[in-house]
Q: 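Next up is a structure, given as structure tokens.
Quick note on labels: first sequence line is chain A, next is B, and so on, each numbered from 1.
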4 protein chains.
Amino acid sequence: MCAGARSKRGRSCVGGATRGKRVPRAVREQQMLDAAVRAFARSGYQHASMDDIAELAGVSKPLVYLYLRSKEELFAACIRREVAALVAAVRAAVERGAPADRQLWSGLSGFFAHTAAHPDGWTLLHVQARTHGRPFAREVAAMREELVTFVTQLLAAAARDNAARDQLARADVSAIAHALVGAAESLADWAGDQGGPSAQEAAATLMDFAWAGLGNVLRGEGWSCEAVSHQAAYDG
Amino acid sequence: MCAGARSKRGRSCVGGATRGKRVPRAVREQQMLDAAVRAFARSGYQHASMDDIAELAGVSKPLVYLYLRSKEELFAACIRREVAALVAAVRAAVERGAPADRQLWSGLSGFFAHTAAHPDGWTLLHVQARTHGRPFAREVAAMREELVTFVTQLLAAAARDNAARDQLARADVSAIAHALVGAAESLADWAGDQGGPSAQEAAATLMDFAWAGLGNVLRGEGWSCEAVSHQAAYDG
Amino acid sequence: MCAGARSKRGRSCVGGATRGKRVPRAVREQQMLDAAVRAFARSGYQHASMDDIAELAGVSKPLVYLYLRSKEELFAACIRREVAALVAAVRAAVERGAPADRQLWSGLSGFFAHTAAHPDGWTLLHVQARTHGRPFAREVAAMREELVTFVTQLLAAAARDNAARDQLARADVSAIAHALVGAAESLADWAGDQGGPSAQEAAATLMDFAWAGLGNVLRGEGWSCEAVSHQAAYDG
Amino acid sequence: MCAGARSKRGRSCVGGATRGKRVPRAVREQQMLDAAVRAFARSGYQHASMDDIAELAGVSKPLVYLYLRSKEELFAACIRREVAALVAAVRAAVERGAPADRQLWSGLSGFFAHTAAHPDGWTLLHVQARTHGRPFAREVAAMREELVTFVTQLLAAAARDNAARDQLARADVSAIAHALVGAAESLADWAGDQGGPSAQEAAATLMDFAWAGLGNVLRGEGWSCEAVSHQAAYDG
DNA sequence: TATGAATGAGCGTTCATTCAT
DNA sequence: CATGAATGAACGCTCATTCAT
């Protein structure tokens, strides 16, 4: 593979890309996106040059421009593809119709499994996209909001079954959802390092940790800085 | 202020900087760091040019190089300053000698208060520093590890008083600490947007949410995906 | 020629370069080297800017970098080309198989003819290359050593036929070769000025001057500062 | 010495310079010239910065400007000083009134002795001054012309005593003088390297080599490319 | 479909030089 | 006599982008 490549720096093409062959557009585009996601994730948006990406994709630079117009649009296309893939993975993992906690757990499992399986994609979304200009950050923020909304709905569903539902302000639920998503992201990063937990472990830990806290809040029994109620947490 | 400025693009200087005046080196350096933190946080490392920073600081570019050697060293100096400031803020906020939960709460309050008061610094650390090269990311990672360690110790202290201490694996505590820090970061970001909660609210929500979960884990009563034990969370 | 040139300073391109046309890489490279040799020789390494050279070559600056990587490599390429050309010219001029003196004379003729025909190249080697960094100087020194060695061999060949061969220390031959090459260089410089001799004249003068001195040394009849033997030189 | 120096790179001052002391102008100027000659010779004109020179001289930069106006004038002053020193050394070495060959020999001895004793000065004149702009090269060329003229006069004096004087064209003498000076320079360079000859050896070798050749030319018995007269050189 | 050739624009960096004290 | 503070101008180099084929 990568037969005709005369890579200046000896790098080979990504995936099964073979240089010089006539290949349908759709396939070439995916090759380019593969290369770009990898390059952007590993080198950063600025440091990854169009030359690098073209070479990694096994095509000439003008072809990249022909298909993807500009570096910004290429980056945007990468983000869109990875966002779609992550959302799809989470959606597919969620067990619809199951109780809220089970849905949350399955969604988290899917999330951790996907980020672990696609580290470059996760880095692209979590690290690179936020750093380079509003439009990209917005795209990721939109996805994040989608996830937060999904979590919020699950929390609301749980609350619906609960006697204390009225005491639950919408803002509280949102805040908890944000905290939960942030915790998940943090664990996903940590899981990416060596020494971190597996996807299953991460999901389990987070559920252990979060669900009780949620119940607590729903019952209106939150920890209070005024009270000495912190005793409640570890007293039997 | 900014009297003699002949800003090419009409931008004014940051802070109380006045262009053209003779100022002692230490003062100028702080002005430069102020400008650089702002520029880096808002435009990103690559997009913020040394020209921009110099102009924002109200000095000429060579002076920036004379005092701070290079763009990389300038960025590093910014990160170091902001890391030190954030760590100091948290340290100062923690009520030493208080019970673990109270310490955690006060630390979180300090954290949220500082990030809210210094949004550019927080963006620099949380968003920009991770993206641009290992050395910077390492510096921030070290700070993060320091916070995680601090949280871990608090959790361990809480566990020590608890009957179920033996059931608590070290890894679990670490994971929870990571989750907690991630949740805090997420809330700090959210609080930075308009519409987000205040520092006090964020700290309170997170404590509500986290402390119960922690107690739950400590009691070994974690949510389990096999059991229907999720009922326990919202059942009375 | 130099049709589309919009030279900022009104300078025209070197040689037959026409700006803007698509030209094969090999040709462009030679045009660039032509321009660079000229610029370096006339302005010096530091004073000749890459902008100047690009303009003189009738191309844009990035193209120079694309083909020749950096100013240093460009300079090195110039030196290598001129070294090769000078050595080739001398080699081609030498009449192999002829007696040593005839070989020396023909070599000198070739040397003077080439330096006179390529004054910029000669300046580059003799004046500029020695001044700017070890690697360049080394390259020229290597060529010089090659010439010195060649001369040394000729002198040794002459000595071999001579009865006094044993009295000739190796160091003496080396020293004479160095002196001879230095004399040739000096004459080449002088011939470059207006008013200087032609190549033929220079070669003849130097031979007149050198060959007798050489015979003298070979016979062990050198001038001596102690003796009044200087009389021998101008006495009949 | 060099007491108050806060050299950024730990370099000490040249000679006996002591930083910060009040020192008469003439002395300071010589310190600066010492430093500049050294810096220019070793780093080249461009690479030696005014900061380096000031630091090496143990003074602040503005003082250098106060005394020597500009980098170009500083360089010119260095050249003038070194030219004067070299010319003075040669003049002092020449035994006036002695026969021409003895004068030439003593002059050469003085030349080699001085260049060996002041390698930075010699490098400045022979390598640096020619490379950087016309005015400097002219200054050195003038000195060279002075030496060539002196040699020419000696040769002419020798010829005057010779029967064949009429056959000696002025151009020939000039050419021989140029060759001789070039040979001397080449030997001076070579003597600067390790492994090269001493001043005395260089002078002796050059006289051995040159004086016979000169006599030969004066007698009109030069080597000829047409004749097979090269035999004459090494035949008894 | 695919590419070799070419460029405009900008950035990081350096340095000779000058005030104000 | 001597200097810390400050800058205008230029240069090496890179890169996204576009023709012409």
Q: In whole angstrom, give the distance that lies between atom CZ of Arg69(C) and atom P of dG12(F).
A: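 Result: 17 Å.
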
Q: In whole angstrom, give the distance that lies between atom CG of Asp51(A) and atom C1' of dT17(F).
A: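 Distance, rounded to whole Å: 11 Å.
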
Q: Counting only distance, no hydrogens or angles, is the base of dA5(F) paired donor-acceptor with the side chain of Arg22(B) under 3.5 Å?
A: yes

Q: Round to a whole Å and report the spacing from CZ of Phe75(B) to C1' of dT13(E).
A: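 That distance rounds to 19 Å.
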
Q: Output the rounded distance in Å from CD (Gln31(C)) to P (dA5(E)).
A: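 So the CD-P distance, Gln31(C) to dA5(E), works out to 13 Å.
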
Q: Is Tyr67(B) close enough to dA6(F) that one of its side-chain N or O atoms is under 4.0 Å from OP1 or OP2 there?
A: yes

Q: Checking Asp52(C) against Ser49(C): is there a side-chain donor and acceptor pair closer than 3.5 Å?
A: yes

Q: Roughly, in whole Å, what's the span from CD in Glu73(D) to P in dA16(E)?
A: 15 Å

Q: Within 45 degrees of the ring normal and closer than 6.0 Å to the centroid, is that where the cationic atom of Lys71(A) sits relative to Phe40(A)?
A: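 No; the conditions do not both hold, so Lys71(A) does not lie above the ring face of Phe40(A).
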
Q: In whole angstrom, give the distance that lies between atom CG of Leu68(B) and atom C1' of dA6(F).
A: 15 Å

Q: In whole Å, what is the span from the CD atom of Gln46(D) to the P atom of dG12(F)?
A: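 For the pair Gln46(D) CD and dG12(F) P, the rounded distance is 10 Å.
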
Q: Under 3.5 Å for both donor-acceptor distances, Watson-Crick or wobble: does dA20(F) have a partner, and if so which one?
A: dT3(E)

Q: For the side chain of Lys71(D), counting heavy atoms from C-beta on, which of dA2(E), dG12(F), dT17(E) is nearest?
A: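 Of the candidates, dT17(E) comes closest.
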
Q: Between dA6(F), dC13(F), dA16(F), which one does the side chain of Ser70(C) approach most closely?
A: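 Nearest to the side chain of Ser70(C) among the choices is dC13(F).
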
Q: Determine: side-chain N/O of Arg28(A) to OP1/OP2 of dA2(E), distance under 4.0 Å, yes or no.
A: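 Looking at the OP1 and OP2 atoms of dA2(E), one of them is under 4.0 Å from a side-chain N or O of Arg28(A).
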
Q: Has Arg69(A) got more than 12 heavy atoms of other residues, nucleotides or ligands less than 6.0 Å from its CZ?
A: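 Incorrect, the count does not exceed 12.
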
Q: Under the 3.5 Å rule, do the base of dT17(F) and the side chain of Lys61(A) count as making a donor-acceptor pair?
A: yes

Q: Any side-chain N or O of Tyr65(B) less than 4.0 Å from the OP1 or OP2 oxygen of dT14(E)?
A: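 Checking dT14(E) against Tyr65(B), no side-chain N or O comes under 4.0 Å of OP1 or OP2.
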
Q: Can you measure Leu74(B) atom CG to dT13(E) atom P for me and round it to whole angstrom units?
A: 10 Å

Q: Return the pairing partner of dT14(E) with a 3.5 Å limit on both distances, Watson-Crick or G-U wobble; otherwise return none.
A: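 In the structure as shown, dT14(E) has dA9(F) as its Watson-Crick or wobble partner.
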
Q: Which residue is it: Arg81(A), Arg42(A), Arg38(A)? I am looking for the one with a salt bridge (charged side-chain N to carboxylate O under 4.0 Å, His left out) to Asp120(A).
A: Arg42(A)

Q: So do the side chains of Val37(D) and Glu82(D) get within less than 4.5 Å of each other, counting heavy atoms only?
A: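 Of all side-chain heavy-atom pairs linking Glu82(D) with Val37(D), at least one is under 4.5 Å.
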
Q: Starting from the 5' end of DNA chain F, give me the residue, Arg25(B) or Pro62(C), whose nearest nucleotide shows up first.
A: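 The residue mapped nearer the 5' terminus is Arg25(B).
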
Q: Pick the nucleotide of DNA chain F nearest each of Glu72(C) and Leu63(B); which residue has the one closer to the 5' end?
A: Leu63(B)

